[in-house]
2 protein chains.
Amino acid sequence: MTDPSPAAGKPIRTAIADEDGIDFAIIELFFFAYRDFTSDPDQILAEYGFGRAHHRVLHFVNRRPGLTVAELLDVLKITKQSLARVLKQLIDTDHIVQVQGPRDRRQRELYPTAKGRALALALARPQSRRIRAALEDSGTTERATIERFLEAMVNPELRAQIDIVPAQTSGKNHGDH
Amino acid sequence: MTDPSPAAGKPIRTAIADEDGIDFAIIELFFFAYRDFTSDPDQILAEYGFGRAHHRVLHFVNRRPGLTVAELLDVLKITKQSLARVLKQLIDTDHIVQVQGPRDRRQRELYPTAKGRALALALARPQSRRIRAALEDSGTTERATIERFLEAMVNPELRAQIDIVPAQTSGKNHGDH
DNA sequence: GAATTATGTCAGTACTATTGACGTAATTTC
DNA sequence: GAAATTACGTCAATAGTACTGACATAATTC
């Protein structure tokens, strides 16, 4: 290790900076921010024997009650097989219920139960607290600035997924169309 | 599924909104933004048979050449055993070299090779492009606003990790102390 | 010399994800 | 009405990333 194998390259001792105009500062901040953002709910989930995947399913079923399995797969960008176990556990533990689709009886509409809604709220609470604190601490007067930036980080063709949600939350009106 | 088990809760048909003042909008945007932010390098990594863990190691070794294994574990917040395989692969493929610590010969200082630096840059390039586009598209005039917000999202006790990096990248001077 | 530290490694396990294949029921198409 | 397609569920096998616990080695510190 002091003397690496002959073919090995020589160690580069200078820190990578903004070579080629790469924005390492924000890249790294994004990593740290997301790492800690997910750490809060992770602790709660562990008590239930759940993981991050359960959180995501629970979140979207609460945000869009009645969405079908296919729609959920599309939002999460995972495969049916990956969802199966997680969804089954959430149904078995009475956090989510399936209802046969009214128009198309092959479809399964997913709804949260009171228990599922309570857990979704409990998971979101520390995340929301962190966001509020971050907005205050960073002196961000325009909360919409952050919203617009994050939305612009999403692949354009996937931004439609965001707009599905009723925009009761924010002052923005991107919900009613 | 139409008729759930007797003990099961009833489906809640209203979307979760800002009940209890929870900021679901930004929570969800953060999820989408990070999902797509990581998707760019993931594609490149797949060509090498690497995963996201390799990217993180490569990134920090390039950002802080000469950091020790212990320091890397602290930044990544994973265990020695989790790092082992990933680091070994990066060393075997000549992306990273280990150098015996000059003061303490037990330590292994980690440095990128030219190959490792090139890969780190290739991985960061699409991410940086996405960030630049997002700043422009969202009309964020003050780039520092985003930086401050993301930094404020990080656990206070862990913000020291950010400041280690020489601040050549941004106009901010939080590097020299 | 003994204790501690930094690192490496082995064994076993868990969670999340993948691909491929197959089955069933419902809907659509011809 | 038969055939094709669609929505969903499930089985099997595999991969990547993480975990805990245990143990070994070399170097440093006490």
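Lettering of chains follows the sequences in order, A, B, ..., and the numbering in each one begins at 1.
Rounded to an integer number of Å, the gap from A:L72 CG to C:dT16 P is 14 Å. Rounded to a whole Å, the CG atom of B:L73 is 16 Å from the P atom of C:dT5. Here D:dT10 presents its C1' atom at 14 Å from CD1 of A:I91, a figure rounded to the nearest Å. The CG atom of A:L110 sits 12 Å away from the C1' atom of D:dA7 (whole-angstrom rounding).
The shortest distance between the side-chain N/O atoms of B:Q98 and the OP1/OP2 oxygens of C:dG8 is below 4.0 Å.
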Restricting both atoms to N or O, compile the protein contacts to nucleotides 24-29 of chain C shorter than 3.5 Å, with distance only.
unit_1, atom_1, unit_2, atom_2, d
C:dT27, OP1, A:R105, N, 3.2

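Rounding to the nearest 0.5 Å gives a distance of 12.5 Å between CD of A:Q81 and CZ of A:R85. Distance check: B:I27 CD1 to A:H59 NE2 gives 7.0 Å after rounding to the nearest 0.5 Å.
The pair B:E151-B:R159 does not count as a salt bridge, with every side-chain nitrogen at least 4.0 angstrom from each carboxylate oxygen. We find that A:R143 and B:D23 are joined by a salt bridge, their nearest charged nitrogen and carboxylate oxygen being less than 4.0 Å apart.
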CA sep, side-chain torsions, deciding dist, call: A:Y111, A:H95, ring-ring contact (aromatic ring centres under 6.0 Å, His included): CA-CA 9 Å; A:Y111 293 93; A:H95 288 94; over 10 Å; no
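Listed in residue order, the members of residues 37-55 of chain B having a heavy atom less than 4.0 Å from DNA chain C come to none. Within a heavy-atom distance below 4.0 Å of DNA chain C, the residues of residues 76-87 of chain A found are A:K77, A:I78, A:T79, A:Q81, A:S82, A:R85.
For A:N155 and B:R130, the side-chain atoms include at least one donor-acceptor pair closer than 3.5 Å.
Between the side chain of B:T38 and the backbone N or O of B:Y34, at least one donor-acceptor pair lies under 3.5 Å.
In this structure, A:P102 and A:E109 have side chains that are in contact, with non-hydrogen atoms separated by less than 4.5 Å. Looking at heavy atoms from C-beta onward, A:M153 lies in side-chain contact with B:F37 at the 4.5 angstrom threshold.
Across A:N62 and A:A120, no two heavy atoms sit closer than the pair ND2-CB, 3.2 Å.
By the 6.0 Å and 45° rule, B:R56 does not stack over the aromatic ring of A:F31.
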